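Just below is one structure, and these are the notes that go with it.
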Protein chains: 4
Amino acid sequence: MTQDLFNSLIAAQKTKTEKQKKIIEIAIKLFADKGFANTSTAEIAKLAKVSEGTIFKHYGTKDKLLLSIILPFVKDSLPTMATEVFSEVLTEDTKTFEQFLTGFLKNRIEFFDRNKEIFRVFVKEIIYKDELKKEIAPHFIKNISLQISRVVEEFKLRGELKDKPTDQVLIYLMTVCGSFFVSRFVLFENYSISDEEVENFVHFVMDGIRNPLSEVSS
Amino acid sequence: MTQDLFNSLIAAQKTKTEKQKKIIEIAIKLFADKGFANTSTAEIAKLAKVSEGTIFKHYGTKDKLLLSIILPFVKDSLPTMATEVFSEVLTEDTKTFEQFLTGFLKNRIEFFDRNKEIFRVFVKEIIYKDELKKEIAPHFIKNISLQISRVVEEFKLRGELKDKPTDQVLIYLMTVCGSFFVSRFVLFENYSISDEEVENFVHFVMDGIRNPLSEVSS
Amino acid sequence: MTQDLFNSLIAAQKTKTEKQKKIIEIAIKLFADKGFANTSTAEIAKLAKVSEGTIFKHYGTKDKLLLSIILPFVKDSLPTMATEVFSEVLTEDTKTFEQFLTGFLKNRIEFFDRNKEIFRVFVKEIIYKDELKKEIAPHFIKNISLQISRVVEEFKLRGELKDKPTDQVLIYLMTVCGSFFVSRFVLFENYSISDEEVENFVHFVMDGIRNPLSEVSS
Amino acid sequence: MTQDLFNSLIAAQKTKTEKQKKIIEIAIKLFADKGFANTSTAEIAKLAKVSEGTIFKHYGTKDKLLLSIILPFVKDSLPTMATEVFSEVLTEDTKTFEQFLTGFLKNRIEFFDRNKEIFRVFVKEIIYKDELKKEIAPHFIKNISLQISRVVEEFKLRGELKDKPTDQVLIYLMTVCGSFFVSRFVLFENYSISDEEVENFVHFVMDGIRNPLSEVSS
DNA sequence: AATGAATGAGGGTTCATTCAT
DNA sequence: AATGAATGAACCCTCATTCAT
């Protein structure tokens with residue numbers, strides 16, 4: 001079982017005070033809810049029942065506070081997670097790419113569901129902070145896409161997937177899955193995803209929307 | 001030819017002064033670039049070569065300035081556009097859904113390309129402003145999805161599309177296309193989309209990534 | 001007559017508001033009294049009966065406020081003054097260096113007396129701000145010492161002054177006069193200097209403290 | 001040989017811990033460099049490798065920390081020093097006031113050189129702290145001037161010095177020597193004073209800048 | 001219609017100081 | 001004796017907004 005990212009984050013800085021934990025907890029909540037720029041340190045302090053000074057004692061800057069939320073999420077945990085994901089999802093029992101994709105999505109849904117708020121913070125801020133967009137996002141994408149591309153190639157060999165350039169397949173998968181997560185977790189905030197929905201989604205990704213009996217099929 | 005949205009916006013409030021136009025122009029640029037919360041009215045005033053007073057004389061509030069950018073984009077222009085789009089894209093010559101989808105994407109790409117910055121403002125702010133998310137987005141979505149669903153049903157009847165619930169197909173299409181636009185126009189800012197890329201994309205949407213010769217095909 | 005430096009400073013930035021004048025006036029007073037670091041912008045605002053925002057609207061930064069007090073004092077006014085001083089003090093009637101020195105000191109005393117507080121600010125801050133010490137002080141010193149050295153050389157030629165290297169004489173004069181001003185205006189704040197004191201001082205500078213009849217005289 | 005003031009200061013409070021010594025050492029350095037108001041206790045603590053608590057445990061207040069640096073310098077050490085100075089400098093070999101003054105300056109130069117930083121702190125803070133200016137400076141001045149005035153009077157009797165009021169001579173000497181030390185040790189920080197410079201300086205103090213052969217001599 | 005000086009609430013941040021351990 | 005987490009007042013500064021001109 002993948003360990004809880006949230007806890008790993010909380011534990012990142014050794015011997016974190018109760019107050020520090022509370023600050024991070026509240027900050028995540030507020031950043032996720034109202035966005036970084038619209039959240040004041042005063043508000044965080046108040047809700048965390050901490051003086052404003054304490055926040056700055058520990059995190060130095062509002063920006064660093066944000067980073068100390070996002071960085072562990074991306075740098076430490078995600079890669080680790082990624083490996084685990086594939087070892088969990090890609091077992092001998094995984095006979096088809098369809099199985100893999102379904103497993104992958106369900107695994108990530110469960111993961112993002114558990115870390116829903118940090119994910120929201122991450123998505124919302126990546127739009128604004130160039131340092132995030134230009135340094136961290138690629139790091140993040142490369143790591144994931146590398147893993148997936150191996151799976152794609154494996155199943156291309158096995159003949160289940162079309163013999164299209166792996167790049168193209170990958171971009172399509174990333175676009176489609178990324179959007180799946182973002183729309184479900186960030187846009188429609190309190191939306192819970194059913195197994196059925198996942199399966200429908202996977203079906204479309206695998207076979208498209210065209211009627212295979214249609215003579216116009218390419 | 002679809003009229004330029006930007007101009008329609010500019011013209012919305014009749015007899016707009018040169019100063020007003022300049023304010024809107026600069027505001028769009030800055031909001032798109034740095035986000036609403038990170039842009040100060042002082043900066044807008046300075047770049048628009050206008051006094052701060054003038055901005056507030058015309059728009060009353062920074063929030064109202066934002067709305068006076070986004071609302072025309074959504075309320076006035078998009079629906080009009082929508083109709084035009086379909087009348088342009090869905091002619092007698094449109095023999096297949098694939099043709100339609102390709103035409104639709106190309107048309108929208110050209111449109112968003114022309115209104116790239118307002119689109120960026122819109123996407124960035126819809127995440128934060130509940131009034132946008134809860135009132136305008138649905139308005140927007142309903143309008144578009146209504147039109148598309150008619151097309152989908154038409155081509156289901158003609159047998160080109162699978163006989164899946166229209167809702168499901170629609171959600172898939174919206175997710176996939178939305179993501180296509182957002183990732184290309186908002187995330188990767190200076191990205192230009194080739195015809196080839198569109199065609200590859202359409203291909204995957206239509207037929208998925210599975211090798212049709214694979215015996216596991218459902 | 002030398003124009004009032006204070007007024008020239010006040011007039012430096014054309015069309016200064018009443019509030020701006022008041023800010024500068026109060027800031028000079030407080031900086032002179034308690035020092036720059038110990039004066040808060042809030043206090044300046046309060047005493048100047050102005051909102052804190054106004055201060056920053058006009059001067060941008062507390063540091064720039066300080067500079068906008070000191071720079072005009074040093075850069076614009078002092079050089080001008082310097083020329084005037086010498087043209088006033090060094091007339092055909094100036095028969096001796098002693099006369100010159102007495103005139104110079106009295107002129108400067110009157111000047112510093114009128115600009116006592118800015119002088120205090122200047123002296124107090126030059127100790128801390130490296131930019132002042134390294135850029136402005138030399139500018140200041142060079143300007144003055146150049147003028148004085150010419151006078152010294154003139155009177156060396158006339159035989160009134162010893163045939164010592166001009167540098168040495170200059171350094172002594174600057175040290176001694178600088179100290180005279182600083183001790184009287186900065187250290188003992190409300191001290192007024194009598195003509196008699198000036199004359200005694202000049203006497204010592206000219207002839208030293210040794211009894212000329214003493215046979216040990218070098 | 002005069003004992004090192006620094007050590008005497010360090011030893012003042014008996015059984016000073018290593019940490020206490022380190023605190024004082026760093027505080028002197030920082031106060032001398034950046035001034036009292038611009039130095040934070042946090043910085044002292046960090047550089048002294050001590051917790052902030054420790055500083056306040058020992059010194060109660062940042063102000064008291066300053067005093068515990070300056071007071072020993074003025075109250076304990078200077079008077080002692082003073083006596084020593086005079087007993088060292090004013091021996092039977094001291095035939096002339098010129099000799100005495102040269103000896104005195106060299107002795108003080110050596111002393112201030114060794115305690116350069118405390119001297120800097122003292123000079124910088126005496127400008128701001130009224131308690132220093134009004135209580136300690138006079139104490140300091142009285143002590144020194146008392147001693148010097150005795151020497152001056154002695155040499156007036158011996159006929160080497162002019163028969164001017166001792167007060168006047170004293171003020172001149174204090175002004176001139178004070179300035180000599182302050183300009184060399186506080187203003188030009190890393191300046192080392194040559195014997196030659198001292199002798200030139202003494203020469204001017206003794207005999208002034210006027211050419212004795214000049215008929216205008218008073 | 002347009003200006004720009006002025007505002008004051010609030011923002012992020014610093015800092016001397018306290019106190020439980 | 002020493003720590004360092006915590007405090008909260010004060011600090012410098014920003015900003016949307018107002019208003020007299």
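Heavy-atom basis, side chains included; hydrogens, waters and symmetry copies ignored. Naming: A, B, ... by sequence-line order, numbering from 1 per chain. None of the values given here were measured: they were computed from a predicted structure.
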> Taking for each residue the nucleotide of DNA chain E with the nearest heavy atom, is it Ala42(A) or Gly53(C) whose nucleotide lies nearer the 5' end?
Replying inline: Gly53(C)

> Under a 3.5 Å cut-off for both distances, is dG4(F) Watson-Crick or wobble paired, and to whom?
Replying inline: dC19(E)

>> Over all strands shown, is Thr54(D) touching base, sugar-phosphate only, or nothing at heavy-atom distances under 4.0 angstrom?
In response: base

> Over how many whole Å does the gap from Glu18(B) atom CD to dA2(E) atom C1' extend?
Replying inline: 15 Å

> Can you find a side chain N or O atom of Ser51(C) that sits less than 4.0 Å from OP1 or OP2 on dT7(E)?
Replying inline: yes

> Atom CG of Leu65(A) and atom C1' of dT13(E): how far apart are they, to the nearest Å?
Replying inline: 13 Å

> DNA chain E: Lys19(C) or Gly60(A), which has the more 5' nearest nucleotide?
Replying inline: Lys19(C)

> CD of Glu52(A) versus P of dG10(E): gap in Å, rounded?
Replying inline: 13 Å

> Just how far, in rounded Å, is P of dT7(E) from CZ of Phe56(B)?
Replying inline: 17 Å

> Any ion pair linking Lys57(C) and Glu52(B) (charged N to carboxylate O, less than 4.0 Å)?
Replying inline: yes

> If you find the nucleotide of DNA chain F closest to Thr61(B) and the one closest to Thr61(C), which residue's nucleotide is nearer the 5' end?
Replying inline: Thr61(C)

> How many Å lie between CG on Leu66(B) and P on dA16(F), as a whole number?
Replying inline: 12 Å

> Has Lys57(D) got a side-chain N or O lying under 4.0 Å from the OP1 or OP2 atom of dC19(E)?
Replying inline: no

> Nearest to the side chain of Val50(D), which nucleotide is it out of dA2(E), dT13(E), dT3(F)?
Replying inline: dT3(F)

>> Side chain of His58(B), heavy atoms from C-beta onward: which of dA1(E), dA6(F), dG4(F) has the nearest atom to it?
In response: dA1(E)

> Among the nucleotides dT17(E), dA2(E), dT13(E), which one has an atom lying closest to any side-chain atom of Thr17(B)?
Replying inline: dA2(E)

> Quick one: is the NZ or CZ of Lys62(D) closer than 6.0 Å to the six-membered ring centre of Phe36(D), and within 45° of its axis?
Replying inline: yes

>> Using salt bridge (charged side-chain N to carboxylate O under 4.0 Å, His left out), reason through Lys46(A) and Glu43(A) one step at a time and then give a plain yes or no.
In response: CA-CA 5 Å; Lys46(A) 195 175 160 195; Glu43(A) 194 179 359; over 6 Å; no

> Within the structure shown, what part of the strands sits under 4.0 Å from Ser40(A) by heavy-atom distance: base, sugar-phosphate, or nothing?
Replying inline: sugar-phosphate

> At their closest point, which heavy atom of Tyr128(D) faces which heavy atom of Gly35(C), and how far apart are they?
Replying inline: CE2-CA, 3.2 Å

> Roughly how far, to the nearest 0.5 Å, is the CD1 atom of Ile44(C) from the CD1 atom of Ile23(C)?
Replying inline: 8.5 Å

>> Please compare Lys49(A) and Phe36(C) by the position of their nearest nucleotide in DNA chain F and report the one closer to 5'.
In response: Lys49(A)

> Can you check the Gln20(A) CD to dA5(F) C1' distance for me, whole Å?
Replying inline: 9 Å

>> If I take atom CD1 from residue Ile26(B) and atom NZ from residue Lys49(B), how far apart are they, to the nearest 0.5 angstrom?
In response: 8.0 Å

>> If I take atom NZ in residue Lys62(A) and atom P in nucleotide dC13(F), what distance separates them, rounded to the nearest angstrom?
In response: 19 Å

> Quick one: Phe31(C) CZ to dC12(F) P, roughly how many Å, whole number?
Replying inline: 9 Å

> Looking at Thr41(B), does any N or O in its side chain come under 4.0 Å of the phosphate oxygens OP1/OP2 on dA16(F)?
Replying inline: yes

